[in-house]
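Notes to accompany the following structure.
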Amino acid sequence: MSSEFVKAKRLVIKVGSSLVTNQGQGLDHAALARWVGQIAELRKLGREVLLVSSGAIAEGMQRLGWKQRPVAVHELQAAAAVGQMGLIEAYESHFRKHGLITSQILLTHEDMADRKRYLNARSTLRTLLNLGVIPIINENDTVATDEIRVGDNDTLGALVTNLIEADVLVILTDQAGLFSADPRKDANATLVGEANAGDPALEKIAGGAGSAIGLGGMLTKVLAAKRAARSGAHTIIASGREDQVLMRLAQGERIGTLLRAPTQTLAARKQWLADHLQMRGKLILDAGAVNALRDQRKSLLPIGVYEVAGEFERGEVVGCCGPDGAEIARGLVNYSSTEARRILKTPSNEIEAKLGYVDEPELIHRDNLVLM
Ligand code: GLU
């Protein structure tokens, strides 16, 4: 029995191109319907699910009658533009049969590297989940050139997992999981049932490249698991062709390979905030706000802030200090220092009157806040 999936509240499920397009033969509607049906069941069990689906380029090639994957970037982008339509249309119609609303999210690496866009993507995804909508995510292949692209959807799945702090990343592929050697070449290869994400030995055994249809081989999956583990998420690599794979995982069955995250989500997030981000400024909080943050684990609202020190942009890290100057928390701020100065001591429902717009009611959402 495996408890990781059973306990998981928020899941990112990634489906690879060769599964979605039936080895490049065109969208496999029967398979799509099966995964969608299982995701609908998971939603009924109270899980939040985000789907990362590949297949735009493969489906585009099929629709355009191209037998070989092009090398020219503009041709790949054109194929993706054609195929993404089919992909989204298919998911939408299958989810609609279960009464579920879908949304299309196309991201590039830049959207996650830039602090402002990172926060924007994060709050949009959270809003969609709160609305009960299923986000269907792919790389924005049509505009993604080499410099700004993530490159493969295993990595994209891991970045999304980090972005919204999912508990588990499930990578559905056309193989049973990670093997000790390439099962196509070595008859003695055995399935790795469980290992620690980030174990360097995994990268050695995952070595080789992927299929001709999709981009990610086992190596990208192993590296994706390592990345997902940074925000405390476990990764499961399993065959998407396995009958009722998601439901069986949800019932605790061991299927495929489980790559465990060694650290807990919260500890991982603290580490990430501490490691990766420079503090740009400070907010000085009144005693009520200190209490709300520290004792009640609430978000920081502008009404509780009476002074802003330093210059910062939306999405940068600021310290939150009590009236005595001691830093009690650190977090990603929703408003720039200029905006923050205009809305300090202001109730959230008056932000719009002061700024002319409102991004979020909080200055720092509690999920983006780490107590020191
Ligand atoms: N974003 C690409 C597509 O949808 C796939 C990338 C991948 O297979 O990893 O066609």
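Note that the structure is a prediction, hence the values are computed from the model and not measured. Whatever order the structure lists them in is the order used to number ligands and atoms, beginning at 1.
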State whether [X] and [Y] are salt-bridged, where the test is any N-O pair (Lys NZ or Arg NE/NH1/NH2 against Asp/Glu carboxylate O) under 4.0 Å.
| X | Y | answer |
| --- | --- | --- |
| Arg122 | Glu360 | no |
| Arg341 | Glu311 | yes |
| Arg117 | Glu110 | yes |

I'd like to know if the side chain of [X] reaches the main chain of [Y], judged simply by a donor and an acceptor atom lying under 3.5 Å from each other, with no hydrogens or angles considered.
| X | Y | result |
| --- | --- | --- |
| Glu339 | Leu355 | no |
| Arg342 | Lys354 | yes |
| Asp167 | Lys9 | yes |
| Asp154 | Ile171 | no |

Which of the numbered atoms in ligand 1 are under 4.0 angstrom from any heavy atom belonging to [X]?
| X | result |
| --- | --- |
| Asp141 | 1 (N), 2 (C), 3 (C), 4 (O) |
| Ser17 | 8 (O) |
| Asp152 | 9 (O) |

Would you say ligand 1 has an N or O under 3.5 Å from any N or O of Glu139?
-> no
Has ligand 1 got any nitrogen or oxygen that is less than 3.5 angstrom from a nitrogen or oxygen of Ala56?
-> yes
Select one of side chain, backbone, both or neither to describe which atoms of Ser54 lie under 4.0 Å from any atom of ligand 1, heavy atoms only.
-> both
Could you see which bit of Leu156 sits under 4.0 Å from ligand 1, with heavy atoms only: side chain, backbone, both or neither?
-> neither
Looking only at non-hydrogen atoms, which of Thr21, Ile57, Thr220 approaches atom 10 (O) of ligand 1 most closely?
-> Ile57
If you compare Asn138, Val52, Val15 by their heavy atoms, the one closest to atom 4 (O) of ligand 1 turns out to be Asn138
